[in-house]
Every structure is written in C-alpha cells, then in structure tokens.
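Order of the sequence lines fixes the chain letters, A, B, ..., with proteins taken first and strands second; residue numbering starts at 1 for each chain.
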Amino acid sequence: MTIPNEPLVSKEVQLWVGPQHPGIPGNMAMQIWVEGDTINRGITHVGYLHRAFEKLIERRNFYQTFPVVCRICVPEPDTNEYLLAAAIEELAGISDQIPEKAQWIRTLVMEMSRLAALLMVVGGQAGGMGLGAAPQWMVALRDYVLDLFEELTGGRIYHMYIIYGGVRRDLPEGFAERAEAVLQKIEERLPMIDNVIFESAVFRKRAMGVGVIPKEWAEQTALTGPVIRAMGIPRDVRKDYPYLVYPELDFDVVTEEGSDIYARALVRRREIDQAIDLIRQILARMPQEGPILARTGNMLRWQVPAGQTYVRAEATRGEFGYFIVTDGTDKIRRFHVRGPSYVHGVSLLERMLPGLNISDLYPLMGSLQVCPPEIER
Amino acid sequence: MEKIVKELESRFGILSHREQRPDLGEVVIEERNTVAMLEWLKRHGGYIHLTHYSVVDWIEDSQFQLVYLLTDPNACHTLMVSTRIDREKAEAESIHALWPEAVTYEQEFNEMYGITFPGSPRQGVEFMLEGWTDMPPMRRDFDTVEYCERTYGFRPGRHHVDPKEVRQRFQAEQKRLKEQEAATANANNADDGKSSEAEAAK
C-alpha cells in the first residue's frame, strides 16, 4: 500500500457538540461540519428536555397550571408566572381589579428575578472562556438574591408566588432593609467582577469582534433583548409595551454598539446596575398598605370566557411571550410559549455558524443566551 | 389598527377583526389570502417581524387555526392574523420565504400536529421527538395517559420505608433494651444479695 503524497484538498468532518458537553448551555446538541478549526455549517438539535409543558397545561384547571409554567425557565421562573397570570386575568376580564400593591410587588419580583439571572449569565459567559473564578463569584452573588426569594416565597428556585389576582403573600417585616443589604453586598463586589471579566485580556480578545450580528438582520428577524440592544437599537418590552408599574419607574434602555459578544456581555453587565436601581426605586416608592390579592372566587372552579391573547415581558434573554386561547371551559385550550431562544438559538445561531472558529461556539451560544427548555417546552 | 384594517379589507377581504388591547389586534381571513396578506403586511404595512406563529386544534369543527403574530416594531403594535384550515387535509402554504425562522415553527407543527407545509425545508425531520410513530401528540385526540399505559410497562417503583414502621421497630427495640437492662440489673442485685449472705455466714 502506498501512502498518497498529495495534500488533501478538502476534509470536512462532522462533529456533535452535546447534548452532554461542558460547552453547551443546557440539554441540546449542535451538529456541526468543520474544516480544520472553522465551522462550515451547523444544525441545532433539541428534544433532550422535552417535558410537554404545553400539552400538560391543556389538561389542567387554571389554578393547577402555576407549578408547571415556572419550570419552563430555571433561572428566571417568575417571568412565566407573571405572563400566565397576566394573560388569564386579561381573558377573564379582571386585569383592572389587580391591587396596586400587588402590581408593585410583581414588578419587584420580576426585577429580582432579572438580577439573579443576569448575575449568573454574565459569570457563565466568562466561564465559557476559561475564566474560572468569576462564574463562582457570580453564582455566589445570585445566591444572596435567592435568599431573598426564599424569605419572600418559600422557594429558592421555583416560587409560584405570582398568582391570578395578585401575589400569594405580602412582603415580610423588614424585607426592604434585608434587600438593601443584599444589593449593597452585590454592588461592593461588582468592581472586582468588572476587573476580572471586562478588563481581562483573555475575555476582551475572545469577545471583541467575535460573533458580530449585522445590523440589517435586526429588520429581518425578530431579535430581542441584549442581542438587539448590543446593536445600538433601544428595543425593550418594558418601554415599548409598558406593563406592571414600569411606566412609573425611571430608567433608560441600555444599549451598546458593536453587536459582538463583548457588547452583549456589557449590556447585561449594565443591566445588573439597572436592576439594582429599579429594585431600590420599587422598594422606596411602593405602597406600604393595601390588599395584595383581588377577590377571585374559588380558583379551582374558574371558567374563563372564550378568547385569545398574546402577552409579553422582558426577560434577560429578550422578549418572552405567551399565546393563550381559552374556550369558556375550566382549562386552557391552547398554551404556546414564545421564548427568545426559539429564534436566537435555532435560526439565528445556525445563520451565524458558517466561518466561526470552533472554539468560539460556546462563547457565541452563551452570548445569545440559548436556553433549550424554552425551545422545546 | 383602523387604518390597517381598512387597507386589508379593501385589498384582501377579511372575515372579522377586533382589538384585544391598544397594542394587539386580530384579523381573521380566509386561507387562500393568507400568504399574500402576510407578504403585503411585511413589505408595505410595517409588520416586518414574525414574533410568533401558532396552531390551535379545533377538533369539534374539524379545523386547525393558524395564527401568525406579526409585529411593527416602530409602531409597537402586534397583529394576530388568524385563518383556519381543514383538519383532515392538514396542509398549509409555507411562509419560510418571508421569514426564515418560520422553518422551525413549520417543522414543529409538522411533528406535533401533522400539518404539512409543502416546500418548507425541514418537513419530516425530527425536531423534539425521536422515533415517534404514533399520532402527532399535540392533537386534541391524542390521549397521553392511554399512550403511556400502552407503551410503557408498569414499574413498581423504589423500595420505600414507611416512617410508621420505622418508629414501631425503634420503639420495640427500645422496649427490649430496657427490659434487658432491667433483667441484668435484677440478676446483679440477686448476685449481690447472695454474696453478702455468704460473707455474713463466714
């Protein structure tokens, strides 16, 4: 047998990254075709975490749906609770009966949830580039926020706190002071995090100019969240489609230029400061007295009039939406989740892969904040 | 909303329309006008984004409802464009040429509802399910419990320990130890009594 002396002209190799791989953000897999270190194309594969949430909800009465929806997103379950409550309240015609204090508490919970998730994702972005300490610190900071959730709701991860008509219980005595202490603790450590992540030569080298999304794609595809704000486009559901008490709060939409991994990380980092500020504003301005739950009757026997709606909220990953159809019975007829990852993690990611270095795959997925459960629900 | 509804009415004819919220409206149209209307809305109406795309199974009417949620990001308004197709001949025109991300939705609806979108690139390619041979599972007549009972055997579950039994065993053991202790103490006392009598006799 003779060994060919000519160099190979083309050698495309097919690789599976995931579903069990430290560089994959969740239970999903990327099937990629590489030539050397360069990815030629790729396909997103999901289904490893399909729990049929949408089907389960169609078989449960209205009150039984809360323990299901919060599990759609582990780091940010409260967005799901709020959206379900908001959609059903709208279809039931009781949106205007939700007490003012409950609206403020819901906003507080949403911002605490955003803060906890942002802390985790900024650390996770750095972790994917080999910076080991920062994610540990960020997860520790997130744990302080989870302590607050535990005190407020009884649960650290899944809260089931926002319910139809309002929230389940009032803020405990002294909660505002303890929340302020946690915010101060986080703020004290953020300069250190900035130093380790955003000033790091490794992070800057691997994030700047990598994973750039052309600005014209923003017009072609429904990109949302930090992905679009890192293009310099101030698009935020909290401003564009105001809900809860956000119109009463003072904040600007965070934007950055560059549309690369660094710009998206920086948007999230600045949104941590924004969430801290918003939590302080809410705690300072929310009504101290008043009901927290509207009179809704026996929720186990609820029957909601036939209708169809779409509600949305700003999660850390972008626009999270629920499309809900009711038919006048005691169950939801159709429950369909619109997670930002459905667009960012499949069509956008696949479109960005050609020409990408294989080692930049995880940083890119991290910066798009791909979350498989909201793709496969 | 009024302006766009009038425009759609004159160009395509709509069956009905309503305003759900100031930022959300719905127009119901016939299936044959769907793609033409969506294209017009994208090119001329300002509704450039496909925010969401959904299916509702109206089994009692033997129809599927397709809902396209289009958003005008500049006006911050979303339009739900609804149409119905025959459930028995579940086939609809693909919109992937208008919005590439529709490929994923159409792949999912093909798998979960059995609706086909001729020309859509990933029809028949597995999305969430693997080796699925039964009825599309999101159809209303798919019975999850019946499927599970038919497909998966009964599993007795883990060996479990009843706390009541543990407590009873613990109490019985404590009782036995106490009795044993008492018996030992009695025996010792009896031995001590005998030895003291023997010493006295000496």
Side-chain angles (χ1 to χ4, degrees), chain A residues 43-52 54-56 58-59 87 90-91 95 217-224 228 233 235 237 239-243 307-312 319 321-327 333-339 342-348 350-351 372 375-377, chain B residues 18 20-26 28 42 47-60 64-65 67 69-80 82 96 98-105 107-109 111-112 122 125-130 132 137-140 142-145:
Chain A
I43 297 175
T44 303
H45 289 276
V46 295
Y48 305 99
L49 200 64
H50 176 56
R51 287 164 287 177
E54 291 175 357
K55 184 83 178 174
L56 287 173
E58 289 175 14
R59 297 288 185 274
E90 184 183 311
L91 292 170
S95 296
W217 290 13
E219 296 303 305
Q220 298 161 6
T221 311
L223 306 178
T224 53
I228 199 157
I233 301 172
R235 209 168 278 163
V237 179
K239 284 282 187 192
D240 298 339
Y241 306 91
Y243 56 99
Q308 170 183 309
T309 192
Y310 176 75
V311 289
R312 42 163 65 101
E319 177 181 324
Y322 274 14
F323 173 73
I324 289 185
V325 179
T326 49
D327 56 6
R333 179 70 182 221
R334 174 71 166 123
F335 171 77
H336 194 176
V337 178
R338 188 262 187 221
Y342 202 85
V343 175
H344 296 170
V346 187
S347 54
L348 176 64
E350 289 178 5
R351 197 175 175 188
I375 303 176
E376 55 201 33
R377 293 103 55 209
Chain B
R18 69 188 177 93
Q20 175 71 21
R21 289 193 309 263
D23 64 348
L24 181 70
E26 185 189 15
V28 182
K42 183 182 176 181
Y47 290 85
I48 56 173
H49 285 161
L50 178 72
T51 294
H52 199 37
Y53 183 5
S54 192
V55 172
V56 189
D57 184 0
W58 296 101
I59 188 170
E60 59 273 40
F64 282 124
Q65 178 191 3
V67 186
L69 283 98
L70 309 185
T71 297
D72 177 350
N74 298 315
C76 296
H77 189 267
T78 297
L79 200 59
M80 297 188 281
S82 294
H96 78 278
L98 292 172
W99 290 282
E101 61 266 36
V103 171
T104 321
Y105 287 101
Q107 183 185 8
E108 182 185 334
F109 300 155
E111 182 175 75
M112 290 291 174
R122 293 190 184 166
V125 179
E126 287 176 343
F127 184 56
M128 295 179 216
L129 307 175
E130 198 173 284
W132 187 264
M138 279 301 283
R139 287 189 173 215
R140 297 286 291 182
F142 176 77
D143 188 337
T144 316
V145 176

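Heavy atoms of Val67(B) lying under 4.5 Å from chain A belong exclusively to its side chain. Residue contact with chain A, scored on non-hydrogen atoms closer than 4.5 Å, involves the side chain of Arg21(B) exclusively. Only the side chain of Leu91(A) comes within contact range of chain B, with heavy atoms under 4.5 Å apart. At a 4.5 Å heavy-atom cutoff, Val237(A) makes no contact with chain B through either its backbone or its side chain. Both the backbone and the side chain of Arg338(A) have a heavy atom closer than 4.5 Å to some heavy atom of chain B. Only the side chain of Leu129(B) comes within less than 4.5 Å of a heavy atom of chain A; its backbone N, CA, C and O stay farther away. If you measure heavy-atom distances from Ile59(B) to chain A, the contacts under 4.5 Å come from both the backbone and the side chain. Interface remark: Pro137(B) contributes backbone atoms only to the contact with chain A (heavy atom separation under 4.5 Å). Heavy atoms closer than 4.5 Å to chain A are found in both the backbone and the side chain of Met138(B). In this structure, chain B has a heavy atom under 4.5 Å from the side chain of Val325(A), while its backbone stays farther away. Heavy-atom distances place the side chain of Gln65(B), and not its backbone, under 4.5 Å from chain A. Neither the backbone nor the side chain of Leu56(A) comes within contact range of chain B, judged by heavy atoms closer than 4.5 Å. Interface remark: Glu126(B) contributes no atoms to any contact with chain A (heavy atom separation under 4.5 Å). For Ile48(B), the parts lying under 4.5 angstrom from a heavy atom of chain A are both the backbone and the side chain.
When all heavy atoms of Tyr241(A) and Asp72(B) are compared, the pair lying nearest together is OH-O, 4.4 Å. Among all heavy-atom pairs drawn from Phe323(A) and His52(B), the shortest one is CB-CD2, 3.7 Å. When all heavy atoms of Thr221(A) and His49(B) are compared, the closest pair comes out as O-NE2, 3.2 Å. Across every non-hydrogen atom of Arg312(A) and Thr78(B), the tightest pair is NH2-OG1, 2.9 Å. When all heavy atoms of Gln308(A) and Arg18(B) are compared, the pair lying nearest together is O-NH2, 2.9 Å. Between Ala222(A) and Leu50(B) the shortest heavy-atom distance is CB-O, 3.7 Å.
The aromatic rings of Tyr342(A) and Tyr105(B) are tilted relative to each other, their planes meeting at an angle between 30° and 60°.
Chosen from Glu219(A), Arg59(A), His45(A), the residue pairing most often with chain B at heavy-atom distances under 4.5 Å is Glu219(A). Note on Glu319(A), Glu350(A), Arg351(A): by heavy-atom pairs under 4.5 Å with chain B, the leading option is Glu350(A). The residue among Leu24(B), Thr51(B), Val103(B) with the most heavy atom pairs within less than 4.5 Å of chain A is Thr51(B).
At least one donor-acceptor pair under 3.5 Å links the side chain of Arg334(A) to the backbone N or O of Val55(B).
Partners of Arg377(A) under the side-chain hydrogen bond (donor to acceptor under 3.5 Å, both in side chains) rule, at least two apart in sequence or in another chain, are Glu54(A), His336(A), Glu108(B).
Once rounded to the nearest 0.5 Å, the distance linking NZ of Lys55(A) with CZ of Arg139(B) reads 10.5 Å. Distance check, rounded to the nearest 0.5 Å: CE of Met80(B) to OG1 of Thr309(A) gives 5.5 Å.
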Hey, mind stepping through Phe127(B) and Ile375(A) against side chain to side chain contact (heavy atoms under 4.5 Å, CB included) and telling me if it holds?
CA-CA 10 Å; Phe127(B) 184 56; Ile375(A) 303 176; 4.0 Å; yes
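Using a 4.0 Å cut-off between charged nitrogen and carboxylate oxygen, Arg333(A) and Glu60(B) count as a salt-bridge pair.
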